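Take a look at the structure below.
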Amino acid sequence: MLKPAPVPETLLRVASTFGTPTYVYLENVLIDRISSLKKHLDGLPLQLLYAMKANHAIPLMKRIKQEGLGIDAVSPAELLLAIELGFPVDKILFSANNMTDSEMHFAKQKGAILNVGELSRLEKLGATYPGSDVCVRLNPQIGAGHHKHVITAGTESKFGIPVEQIDQIHSISQKYDLHVRGLHQHIGSGILDTDTLWKAINVMLNASLSFDRLEFINVGGGLGIPYRAGESGIPMDEFASKIVAPLKLFLSNHPSKKLQIWFEPGRFFTAECGVLLATVNTIKETEHITFAGVDSGMNHLVRPAMYGAFHEVVNLSNPDGPLQKYDIVGNICESADFFAKGRMVQQLREGDIVAVLDTGAYGMSMANHYNMRSLPAEVYVPSDSSKPILFRSRSTPESIVKEALSFV
Ligand code: LLP
């Protein structure tokens, strides 16, 4: 059984109006995911942030702002864009990894909340800006994720200050009168296992007891989604009983702390609202494999090559065709350039339009011009109208060459 494409007629219309390759984002799915998480976290003193590294498409960001979310920004450009779009700075966490001095000055000057994950940076912040507010990223020494490359806590992780070094956090803070307003963690991405998530959160809750002036605990993002037909994603009933209920209990046991709980998902909000549309250019039969070559590739969606990630591929223009086995490959000169291998898809013919599903997170935001290939167009489908809006045109050979030549 294949996972069905959402709104196939609209997607076909987008392909015929704007061509391919094109990323399409469905506002109604975005809103549904935000509302669903809000509903499941109901009753917590909550602030939701959006980890904009997942997708910084402007229409999505604007809609996310309307929902009252803050932002997790990890680079000066992300911070600048969030401010430019009107996100209030007191809801922007600046979590640059390996932060440089100039990034620290930049974020301080903009008024964002600095999230510091290294003792040496905490020391530099204190020495330069004594008396500052700060959030500290901890490594609870428990990590998780859909692939080892996306695990961001544990003994082998470069992220966060190991929880065993809390005494040093306290002594640096005292030395420079730093006000640790928040504790943060993010243990990995694409997590479906609520037990591990809770264990890590619990480490942080215990750690929080030694901080007197704490205002929030940010438990990170990482919530997984169902990429395959029949998968259920993060089990929300389990999420409520294993994470939300014990969080509420902790808060009620420590009322004087008046803590807010922050979550900062990326994938959970935007993955399922995005579809990458491509056209089949070449069918190539060999003795062993039928290749379907499309006008896109790993430069537009690197997740299959980078993590062996699964994305459903659906033939929109031959939905009732018999299922056949294909390697669906791109046009990049690398053998890792595939969307699916040995995959059953409705019979593919040259000219067919395929939809690569659940590509709204870490799709376009990780895309690049490798092989001097164009970037896809981007289209937004507002929920109150079925009229798709092209908000970013596909780059062209001419625009890419013009940019390359502009550097000489
Ligand atoms: N907060 C921090 C500090 C992060 O580093 C990340 C993601 C998030 C929140 C959001 O995580 P999410 O809720 O989206 O899982 N490129 C990989 C994912 C890398 C995630 C990096 N950090 C992929 O395509 O699976």
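Residues take their numbers from the sequence shown, with the count starting at 1. Each ligand, and each atom within it, is numbered from 1 in the order the structure gives. What you are looking at is a predicted structure, and each value in this text was computed from that prediction instead of being measured.
With rounding to the nearest 0.5 Å, the separation of OG in Ser208 from CD1 in Ile166 is 8.5 Å.
Taking a heavy-atom cut-off of under 4.0 Å, ligand 1 is surrounded by Ala51, Lys53, Asp72, Arg137, His146, Val150, His184, His186, Ser189, Gly190, Gly221, Gly222, Glu264, Pro265, Gly266, Arg267, Arg303, Tyr307, Tyr362, Met366.
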Solution key, residues 69-83 side-chain donor-acceptor pairs under 3.5 Å, sequence neighbours excluded:
residue, atom, partner, partner atom, Å
Asp72, OD1, Ser95, OG, 2.9
Asp72, OD2, Lys53, NZ, 3.0
Ser75, OG, Glu78, N, 3.2
Glu78, OE1, Val74, N, 2.9

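With sequence neighbours left out, the side-chain contact (heavy atoms from CB on, under 4.5 Å) criterion links His179 to Asp133, Arg181, Arg213, Glu215.
Atom NE2 of His56 has 12 or fewer neighbouring heavy atoms from other residues, nucleotides or ligands inside a 6.0 Å radius.
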With ring pair (Phe, Tyr, Trp, His ring centres under 6.0 Å) as the test, would you mind laying out the steps for His184 and Phe216 before giving the verdict? CA-CA 9 Å; His184 171 271; Phe216 65 87; 8.9 Å; no

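Under the salt bridge (Lys or Arg N to Asp or Glu O under 4.0 Å) criterion, the residue pairs touching residues 30-51 are Arg33-Glu272, Lys38-Glu67, with sequence neighbours excluded.
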